[in-house]
Amino acid sequence: MEVPLRVDPEVKYGKEKLSIWANGKHIVIDAPIDPYFYSYGKFDNISAKITERKAKPLSDYDTEKLFYKHSVPTRKNVEMYRSDATFEDNIPFILRVRIDLPDFYTQYPHTKELKFLFFDIEQYTKPDAMFPTYDDRITSISWCTNDRKIDCGYIGKDNKSDKNLLKVFVDKFIDIDPDVVVVFNKDYDIPTLIRRCERNHIDTKLLSKSGIKPYVGGREKVSIDGRVIYDVAYSAMTDQTLSGNVENRGLKEVSNYYGFKSKRKPLTPQQMLDYIGTKTLVEYNMDDVRRLFLLFDVYWENIYFNANDLKIPLNLAVELNTTDLGLITVGDEFRERNVIADGTNEQRYPEIFKRVKKHKDDSNYQGALVGVFKKGKMQPKNYSLSTRYKPVWKADYGSMYPTIESSFDLSPDTTKIVQYLSYNNNFKIEDNKDKFIYYVPDDVLDKTVVIEVKKQDGFLSKLVQRCLNERADYKKRYKKTNDPKDKALSVNRKVKANGGIYGIQGSAHHAFGFAPIAVATCGIGRECAQLLIDILEELYPHSVIEVDTDGVYFSAEEINKKEILDKFNKKLENKFNKDLQLSIDIDPYAEGYFYKAKNYILRTLDGKIIYHGAAMKASSKNNLSRNLIKDLAVAKLDEKDTAPIIDKYLKLDFPLEDFAMNKRLGMNIGSYKNPEGSISSRMALQAKRHLNVKPEIGNIYHYVKTKFGYELLQLANKKDLDLSYYEGQIRTIVEMFDVASESKIDDWL
DNA sequence: GCTATCAGGCTACCT
DNA sequence: ACAGGTAGCCTGATAGCG
């Protein structure tokens, strides 16, 4: 590896230091730069080293201005002095070092082979409790290291103490002395391991490389000094290829998706209790470790690649988010071009980001074109037939936003908002000698935004272009090799272009956001989507079914792909008067049933039914609803009678568990505006009161509706169920498969 | 006093 | 603190009705 294993900032004697781990050795050095921020004015009243710097401000790229750089001893100081007059004041220090001195971290490479420890634990849960607590014993631990030979320790059925098991595992842990600890859900496994050790008076200091006790913070942030914790669940959570393909982002679902094969079925929670101390539980536990390293193999290459490619320590690469990716990629360009972001989008574009909003969550500017159409319903009685489309095609743009950004030269050095006109729903382009002027109607701003773009390469658009080219190469390679690692690299570049470069532009508070790009990209994107709709409607009248951002579903018995593409290219050039690299793919589906925007089912050519949207597959639904949707979907697509299915479900003769709905606690319990107004907070409070479960963000509560109101599954009796409520649920779902064709057509065509 | 409707709050999902 | 967009379900307030 060309970078260190981990780097953390720390303050010593009032100065910023960097704690660096590489090749098993630890050093603490003075940070190579002091934390700092910029401003246009001098702050004489604070204790800072002030230097002058001439640079191009983001707000007006063509005019160099004088900035004052205020260097202060610690990160805390930057935070203290942060105000509307300070710039680039919210960049994590570790990344500030990376941006300013791009080769700094590569001076401390971890060159030895990385030692891994994979592990997974199973824990006892009290009957009727929702989750195990730190008071519950660990029943089984499986682990392995680089050789992938799985070891397992477990306790007997009647053994109430996990002390010996923990001792054995901690000894193994110390013996393996891993650089990288690999788990699925680090916020569960690691705190549980540590807390259980504490309960058993086993010293956890030795788990860290330095002898510093592992840290389990208030917000369950975990850290083991000298080691990197790689949480595969984080990769699974952010994995775009999974969306629409798995029911949840759990270990089982995701590993199954990536081809995990096992003779054993996963155990139910009840079985996991019944099988304590048996081979069955041990095998299950070991299977989870096999799943773990299968997924590790899917994601690791990309992380390792990122660490070296972006020149960041491994501990940053394992939890790299879009914000940080944007800071690095865009920050590199800013450094090379001598650009300073003189304020955030919110400060520079108050017209967009500080508007008086009707609702708290209103968006800042208009986004994608989204909607459903209904075509040619001349026989309104023929609903079930007329809402079936066979075959169904999806025409979609590849990487639409990044391609727009690159093809239209959208970049801070080329693009600026010159005027806000009163709203006129007519996208217009003026071609002036050395620039294009785009009139972008924005129905959120209720203005037409006039955006000028110079006819020249922009530095950010060129960067996006590089990412797209690399992506195309990896994609081509993947098609040849079918190696998931090539696919991962291709996705890596897509993510970089999408979120890391385009995504941050519309952010109100990101240090390097640049709103004109975001407004222009979305505006042009809407035009592109509409263009595609128009072409399809022209060639195949009344064929368009649904549009979402960059994809259009349409139906036609036979299509002529070449004709579509030719027309597309011609119209595209005509409209934008420019050589563009926008391209479309057209993929077939056997059939589909469309309910509402973003909500539909598709049958692929090989017969698999794919469910889209919250109405079709929300995790909050109960088994009853989920099964009914599946049964009705199959019946609908097969043109079978649905009456027997409906009758069966209306009897409501199912076990209590099948009635349980799920809701996730999304915020801290104190943040709820009205604690009674949300099922999540109500269930969290019930669980706290009756089951002694601490309310934590991310907890999922299973609840049912009884005649007394909403109750946790664990506290409810089947005889108390509010059956009319569930009958209502069933009727709603039945209508979903019948009423779709009655929905009104949007009047766009 | 009852019911229908709406707005606000929140979660889940799509691109 | 990457973005916007659609949809569903809950509660409480309010309008409309008799």
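Computed from a predicted structure; not experimentally measured. A note on names: the letters A, B, ... follow the listed sequences, proteins ahead of strands, and every chain is numbered from 1.
- For N599(A) and dG8(C), the CG to P distance is 7 Å, given to the nearest whole Å.
- Among dA12(B), dA7(C), dC10(C), the nucleotide with an atom closest to any side-chain atom of I679(A) is dC10(C).
- Using a 4.0 Å heavy-atom cutoff across all strands shown, M667(A) reaches sugar-phosphate atoms only and no base atom.
- The CG-P distance, from D443(A) to dG5(C), rounds to 7 Å in whole Å.
- Residue G666(A) is classed as a sugar-phosphate contact, given heavy-atom separations below 4.0 Å to backbone atoms only.
- One finds a side-chain N or O of K673(A) lying less than 4.0 angstrom from the OP1 or OP2 phosphate oxygen of dG9(B).
- At dA12(B), none of the side-chain N or O atoms of K663(A) fall inside 4.0 Å of OP1 or OP2 (strictly under the cut-off).
- Comparing dC13(B), dA7(C), dT6(C) by their closest approach to the side chain of K617(A) singles out dC13(B).
- Counting any heavy atom pair closer than 4.0 Å across all strands shown, Y502(A) reaches no nucleic acid atom.
- Checked against the 6.0 Å centroid threshold, F594(A) and Y600(A) count as a close aromatic pair.
- Residue contacts shown for Y672(A) are limited to sugar-phosphate atoms, with no base heavy atom under 4.0 Å away.
- Nearest-nucleotide mapping onto DNA chain B: of L665(A) and K358(A), the residue sitting toward the 5' end is K358(A).
- Using a 4.0 Å cut-off, no side-chain N or O of R664(A) falls inside it from OP1 or OP2 of dC10(B).
- The nearest whole Å value for the distance from the OH atom in Y611(A) to the C1' atom in dA7(C) is 19 Å.
- Residue S620(A) places none of its side-chain N or O atoms closer than 4.0 Å to OP1 or OP2 of dC9(C).
- In summary, E470(A) and R466(A) do not engage in a salt bridge, as defined by a charged side-chain N under 4.0 Å from a carboxylate O.
- Centroid-to-centroid, the aromatic rings of Y439(A) and F427(A) stay 6.0 Å apart or farther.
- Using a 4.0 Å cut-off between charged nitrogen and carboxylate oxygen, D548(A) and K598(A) count as a salt-bridge pair.
- Picking from dC10(C), dT15(B), dT6(C) the nucleotide with the shortest atom distance to the side chain of K394(A) gives dT15(B).
- Remark: K705(A) qualifies as a cation-pi partner of Y710(A) under the 6.0 Å distance and 45° angle criteria applied to the six-membered ring.
- For Y703(A), no side-chain nitrogen or oxygen approaches OP1 or OP2 of dT11(B) to under 4.0 Å.
- Look at Y600(A) and you won't find any side-chain N or O under 4.0 angstrom from OP1 or OP2 of dC13(B).
- In this structure, the CG atom of L325(A) is 15 Å from the C1' atom of dA3(C), given to the nearest Å.
- In this structure, G503(A) reaches the bases: a heavy-atom distance under 4.0 Å links it to at least one base atom across the strands shown.
- Checking side-chain atoms of N321(A) against main-chain N and O of D324(A) turns up a donor-acceptor pair under 3.5 Å.
- OP1 or OP2 of dG4(C) has not a single side-chain nitrogen or oxygen of Y365(A) nearer than 4.0 Å.
- Within 4.0 Å (heavy atoms only), A518(A) reaches no atom of the nucleic acid at all.
- Here N364(A) lies in heavy-atom contact (under 4.0 Å) with sugar-phosphate atoms only.
- Following rounding to the nearest Å, M616(A) (CE) and dC13(B) (C1') show an atom-to-atom distance of 13 Å.
- If you check dG8(C), dC13(B), dT11(C) against the side chain of A615(A), the one that comes closest is dG8(C).
- Within the nucleic acid shown, E676(A) comes within 4.0 Å of sugar-phosphate atoms alone, with no base atom in reach, counting heavy atoms only.
- The interatomic distance linking I504(A) (CD1) with dA1(C) (P) rounds to 14 Å, in whole Å.
- By the 4.0 Å N-to-carboxylate-O rule, D309(A) lies close enough to R493(A) to be salt-bridged with it.
- Residues Y725(A) and H509(A) each lie close to DNA chain C; by heavy-atom proximity, the contact nearer the 5' end of the strand is made by H509(A).
- Look at K596(A) and you'll find a side-chain N or O under 4.0 angstrom from OP1 or OP2 of dG8(C).
- Comparing dA3(C), dG4(C), dA12(B) by their nearest atom to the side chain of A614(A) picks out dA12(B).
- Between the P atom of dT15(B) and the CD1 atom of I610(A) lies a distance of 11 Å, rounded to the nearest Å.
- When the side-chain nitrogen and oxygen atoms of S681(A) are compared with OP1 and OP2 of dC10(B), none of them lie within a distance under 4.0 Å.
- Taking atom CG of D550(A) as the reference point, atom C1' of dA3(C) lies 14 Å away to the nearest angstrom.
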